[in-house]
Amino acid sequence: MQYWIPKAVALGVILGLSGCSVFTNDTHHERNYRINKAVQVPGDLKQPYKDPTYEMAQAQYSNDTEELALRPPQQVLTLAAGSWVEQNDKFARVFFDKNDGIENLTAFIWQAVDTVATEEQAGFETIDKDQGVAVTNWYSVIAPSSKWFWEEETTPSQQKYKFTVAQSEHQRTASLQAELVDYKSDTVELTDLLKQQLEVRALNQVIAEFDYQYRVLLVELRKQQGELALDIGFDPQGNAAMVAPQSANLVVVNLGNVLERLNFTIIKIDSEENELHVRYEKPEDSVWDSIWGDEVVSLPISEGDYRIKVAPLDEKKSAVTWRDNDAELLSAEQLSQLQQSLTKAIGNKGLSI
């Protein structure tokens with residue numbers, strides 16, 4: 001089974017996200033005035049009365065003024081699983097919860113920071129992960145603007161950022177803060193709004209990388225959970241059994257899914273007892289199997305009903321015993337032959353548990 005993870009995450013085009021609108025009080029600016037000609041009344045009719053107090057000269061003003069470059073504050077994008085922000089937080093900061101599969105949350109965050117610094121070809125001026133602080137070398141979170149047939153070679157500005165990682169006492173949550181510590185540009189002046197936008201851009205880059213790496217981790221976890229490794233061993237009572245490197249409840253679910261593809265009918269799944277009740281029917285030969293290259297899979301057991309019991313050996317291992325319709329355990333020899341056939345059949349059909 002193939003796994004594909006797109007890394008199509010927007011890292012830069014996020015300055016236009018909603019923030020607070022900016023209005024200027026220029027109601028009485030001359031561009032808002034337009035005094036047109038009075039209504040023309042025929043000479044033989046009585047002219048309307050005009051109060052000289054409010055009489056205005058005919059005039060029209062141009063309202064083409066210089067455009068105002070007003071932008072809202074940048075928003076932190078909590079696109080990674082388990083990420084969130086505090087309302088009205090004045091810092092460029094995000095919080096991460098410890099998702100399933102992450103053993104060390106702060107190390108996972110630092111991995112994302114390291115990757116961004118490497119991709120930006122910046123590296124670090126100083127770094128102390130034990131203290132939770134790192135300062136980058138110069139790089140730019142704003143890419144050169146693209147033109148029709150060329151791209152500008154110079155960036156509008158370069159920055160240095162300090163990343164701070166802080167973990168909660170219960171170690172289930174950690175925060176990441178980005179702070180602009182140095183700035184240089186020949187053309188763009190640093191303002192408070194621009195500083196906020198740059199800090200959040202740098203932070204969003206790391207959040208996007210965190211999200212990508214966690215998706216990769218989930219795929220690896222699914223692959224590990226799907227590996228077939230049924231060895232021969234013993235259950236807690238000393239009976240011959242297949243041994244799987246997975247928890248009992250996971251083996252019940254995955255084994256049931258696989259057996260349905262190998263001519264077994266699932267009669268009942270007892271989740272409380274971690275037991276499967278199944279019925280096996282040997283497959284019939286078909287001319288279409290030979291035409292399409294499918295090998296008929298026949299297991300070295302008799303047709304009939306079986307009870308498959310899964311018992312935990314420890315947190316990461318389980319024992320699988322098989323009993324026939326007479327409640328008799330399969331012998332060690334039968335179980336060994338069945339294990340070898342299952343391994344071959346699952347491999348040939350491209351299945352996994």
Side-chain angles (χ1 to χ4, degrees), residues 1-4 99-101 217-286 289 292-353:
M1 185 173 183
Q2 294 183 345
Y3 297 85
W4 176 74
N99 299 325
D100 294 339
L217 175 63
L218 288 180
V219 169
E220 293 302 320
L221 290 175
R222 293 191 186 105
K223 285 182 178 180
Q224 292 174 14
Q225 292 172 352
E227 290 176 355
L228 176 63
L230 292 175
D231 297 324
I232 295 299
F234 301 93
D235 69 1
Q237 288 72 42
N239 301 311
M242 299 177 185
V243 176
Q246 300 160 348
S247 62
N249 59 341
L250 185 60
V251 172
V252 170
V253 174
N254 291 342
L255 187 59
N257 292 336
V258 168
L259 293 180
E260 284 184 318
R261 303 283 299 277
L262 298 175
N263 288 78
F264 283 88
T265 300
I266 306 299
I267 300 173
K268 179 183 177 182
I269 298 179
D270 190 338
S271 300
E272 294 184 358
E273 297 295 330
N274 289 328
E275 193 170 68
L276 290 166
H277 299 183
V278 301
R279 178 170 297 137
Y280 178 63
E281 296 179 359
K282 289 186 178 294
E284 297 180 357
D285 292 334
S286 170
D289 293 330
W292 298 111
D294 292 336
E295 182 180 351
V296 177
V297 177
S298 180
L299 300 178
I301 54 175
S302 302
E303 293 186 328
D305 292 354
Y306 293 87
R307 288 179 177 244
I308 305 172
K309 175 71 174 179
V310 182
L313 295 176
D314 55 37
E315 293 182 357
K316 297 183 178 180
K317 285 187 179 182
S318 303
V320 183
T321 52
W322 291 62
R323 292 180 183 272
D324 59 21
N325 198 35
D326 297 324
E328 295 290 334
L329 285 167
L330 297 187
S331 66
E333 182 179 356
Q334 288 177 308
L335 205 62
S336 177
Q337 293 176 355
L338 177 59
Q339 182 265 343
Q340 294 175 21
S341 298
L342 277 175
T343 301
K344 181 180 179 181
I346 291 174
N348 289 342
K349 284 187 170 288
L351 305 178
S352 63
I353 68 170

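Position 1 is the first residue of the sequence; numbering continues from there.
Of all non-hydrogen atoms in F234 and A319, the two that sit nearest each other are O-CB, 3.9 Å. Considering every non-hydrogen atom in both Q334 and L330, the closest pair reads OE1-CA, 3.6 Å. For N274 against S271, the heavy-atom pair with the smallest separation is OD1-O, 3.2 Å.
R279 CZ to L259 CG: the interatomic distance, rounded to the nearest 0.5 Å, is 14.5 Å. Rounding to the nearest 0.5 Å gives a distance of 8.0 Å between OG1 of T265 and CD of E260. Atom CG of residue L255 and atom CD1 of residue I266 lie 7.5 Å apart, to the nearest 0.5 angstrom. One finds the CG atom of L342 at 6.5 Å from the CG atom of L262 (value rounded to the nearest 0.5 Å). Within the model, atoms CG of D231 and OG of S336 stand 10.5 Å from one another, a figure rounded to the nearest 0.5 Å.
When atom types are taken as modelled, the side chain of D326 and the backbone of E328 share no donor-acceptor pair closer than 3.5 angstrom. Not a single donor-acceptor pair under 3.5 Å links the side chain of S318 to the backbone N or O of A244.
The environment of CD in E303 is crowded: more than 12 heavy-atom neighbours from other residues, nucleotides or ligands sit within 6.0 Å.
With sequence neighbours excluded, the residues that form a side-chain hydrogen bond (donor to acceptor under 3.5 Å, both in side chains) with S247 are N249.
The shortest distance between side-chain heavy atoms of N263 and L299 does not fall below 4.5 Å. Looking only at side-chain heavy atoms (C-beta outward), Q237 and T321 stay at 4.5 Å or farther from each other.
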Would you please test N99 and L218 for side chain to side chain contact (heavy atoms under 4.5 Å, CB included) and show each step?
CA-CA 10 Å; N99 299 325; L218 288 180; over 6 Å; no
Donor-acceptor contacts under 3.5 Å from residues 306-314 side chains, at least two apart:
from : atom 1 : to   : atom 2 : distance (Å)
Y306 : OH     : S302 : N      : 3.3
Y306 : OH     : S302 : O      : 2.6
R307 : NH1    : E275 : OE1    : 3.4
R307 : NH1    : H277 : NE2    : 3.0
K309 : NZ     : E273 : O      : 2.5
D314 : OD1    : K316 : N      : 2.8
D314 : OD1    : K317 : N      : 2.8

